[in-house]
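A short write-up of the structure that comes next.
In the text below, chain A, chain B and the rest are named by the order of the sequence lines, each starting its count at 1.
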Amino acid sequence: MKPFGEVIDFSLEKIFRMVAGEYADYPRGVTPNEEVYQAGRIRLLKFPARNPSSHLPLVIVPSLINRWYILDLTPDTSFISYFSENRDCYLIDWGYAGCESAHLELSHYYHQSIRRAVRQVRRATGLGQVDMLGYCIGGTMAYMFSCLEPDMIRKLVLLTSPLDFAEAGVLGMYAKDFPADDFIDAMDYMPGWLLASSFNFIQPMGIVQKAEKFYQKYDSENFRELYIAMERWIADPVNFPARSYHDLLTRLYKNNELFGGKLVTAEGRPVDPSCRKAECMMVNAEHDHIAPAATTRFPDADRAPRKIMNYSTGHIGITVGKYGIKVREDIRNFLEV
Amino acid sequence: MFNFGEDYMKQFYDNWQQAFGGQLEKMVNDQEFISQMAKAIAATMTGKSMASKTMNEAMSMMNLPTKDDIVLIQQKLTDIEERLIDHSEFVEDSVEECRAELKKLQDRIQVLEKSCVEKKPASAPRVKTVGKKPVKASPVKPAKKSEQVSKKSKA
């Protein structure tokens with residue numbers, strides 16, 4: 001191990017380079033892609049298959065809270081690169097929301113936007129159904145979409161996605177006490193930097209532990225590459241539109257409407273879990289503080305076939321950590337049966 | 001190389017993490033603390049809306065558009081864009097449906113035409129015979145050209 005002075009020297013050099021803008025144009029995602037559709041700030045990105053063997057495309061729904069390229073940080077850890085090996089992958093990029101989308105309800109995202117994306121994919125491929133993978137809140141949204149449009153999805157993969165918000169851990173405790181009505185009167189969106197800070201706040205020792213890990217592993221080139229990519233991703237937060245944020249807090253976290261089957265869209269369509277048909281795979285991280293295992297229970301009304309996998313890792317670790325490879329393999333096996 | 005005394009630092013760090021980290025985690029998970037935080041956030045939000053309201057009133061007094069006005073226009077534009085997308089999708093889907101129907105009809109016509117062609121020899125004996133000459137069963141005879149011309153000139 002190098003002396004502490006050298007560690008400081010190395011870190012300072014990195015910081016100075018960062019300040020100088022060396023990492024400013026750091027690529028957002030490493031897998032080549034093309035934009036195939038755009039509606040407002042929402043884009044549909046296509047990641048063409050390198051060696052196509054499966055004709056069914058995979059539609060990926062990332063979280064609304066952060067940027068999509070957590071699933072495509074480095075070539076070694078990229079989910080997208082892995083799945084686009086043998087099939088076309090499409091990803092919904094939610095973009096950076098501003099004041100103009102403050103009034104859009106959550107159902108605009110989980111129903112209209114996903115439906116538009118799936119429609120484009122169906123038109124492009126000529127197929128009636130697609131496979132879908134959702135990460136974090138994106139998984140919750142994919143689940144809600146599969147309740148609303150059960151015939152459009154063949155198989156559904158939910159990566160650490162909360163469905164039952166009754167015991168949502170520390171995040172749920174904060175969400176339940178959050179003054180959502182005062183918030184919507186005062187703000188057009190939940191600022192991304194504030195969201196990022198609040199995630200750090202509920203894990204106060206997280207930053208210290210991260211620094212400790214960096215000190216222990218900075219010799220490894222792969223680790224440094226991943227660390228920088230991860231820091232770049234963390235430093236790129238997105239705003240959450242006010243009305244949607246209000247819906248997320250009140251309808252999901254406070255009233256648990258999805259689990260109870262009482263959730264309705266802005267157009268008045270019920271999000272009924274009993275309508276769901278797609279075979280589902282739930283991927284859980286046992287040390288997840290954002291979506292604890294208790295939140296990933298399926299609603300009682302949901303009778304569709306399901307498979308639940310548990311991994312001893314955290315919310316982000318499940319995508320970029322050492323279990324990432326196993327998770328990807330298990331998902332591919334599930335999708336290709 | 002300059003050395004800070006790593007063992008001492010490490011021991012200090014471990015002790016600090018055990019003592020301080022545990023307490024900090026306990027504090028942020030405490031329901032009372034969370035309630036107080038929520039109250040503080042609510043007060044901040046109320047303060048912000050009051051400040052925005054005052055600013056809006058001041059701008060209105062000067063006959064200037066407020067931030068809320070601009071945001072409202074942006075949101076209207078978003079709504080219009082959303083409706084346009086919905087309509088264009090509807091039109092695209094309708095056109096595709098029409099094309100599919102047209103294709104079906106064309107295919108059906110082709111099949112019918114084929115079957116007509118195949119059936120023709122079988123329908124040949126169905127002609128009326130007057131004396132020895134076979135006469136087709138068409139009810140209306142086309143008028144001669146000269147007759148048509150004379151009718152037109154009379155008119």
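- Heavy atoms of Met37(B) lying under 4.5 Å from chain A belong exclusively to its side chain.
- In this structure, chain A has a heavy atom under 4.5 Å from the side chain of Glu81(B), while its backbone stays farther away.
- Within the 3.5 Å criterion, the main-chain N or O of Ser101(A) finds no donor-acceptor partner in the side chain of Thr78(B).
- Looking at Glu82(B), the atoms closer than 4.5 Å to chain A (heavy atoms on both sides) sit in the backbone and in the side chain alike.
- Between Asn29(B) atom CG and Tyr174(A) atom OH the span is 7.0 Å, to the nearest 0.5 Å.
- Proximity to chain A (any heavy atom under 4.5 Å) is restricted, for Lys67(B), to the side chain, taken from C-beta onward.
- Between Asp188(A) and Val71(B), the closest heavy-atom pair is OD2-CG2, 3.9 Å.
- Interface remark: Arg41(A) contributes no atoms to any contact with chain B (heavy atom separation under 4.5 Å).
- The shortest non-hydrogen separation linking Glu100(A) to Gln75(B) is O-CG, 3.6 Å.
- With 3.5 Å as the limit, one finds a donor-acceptor pair spanning the side chains of Asp177(A) and Ser35(B).
- What you find for Pro179(A) and Ile41(B) is that their closest heavy atoms are CG-CG2, 3.9 Å.
- The nearest pair of heavy atoms linking Met205(A) to Trp16(B) is CE-CZ3, 3.6 Å.
- Looking only at side-chain heavy atoms (C-beta outward), Asp86(B) and Arg116(A) come within less than 4.5 Å of each other.
- Atom CG of Asp30(B) and atom CE of Met173(A) lie 7.5 Å apart (nearest 0.5 Å).
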Quiz prompt | Trace of the salt bridge (Lys or Arg N to Asp or Glu O under 4.0 Å) decision for Glu89(B) with Arg123(A) | solution = CA-CA 11 Å; Glu89(B) 279 183 358; Arg123(A) 276 165 64 91; over 6 Å; no
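- To the nearest 0.5 Å, atoms NZ (Lys10(B)) and CD (Glu212(A)) are separated by 6.5 Å.
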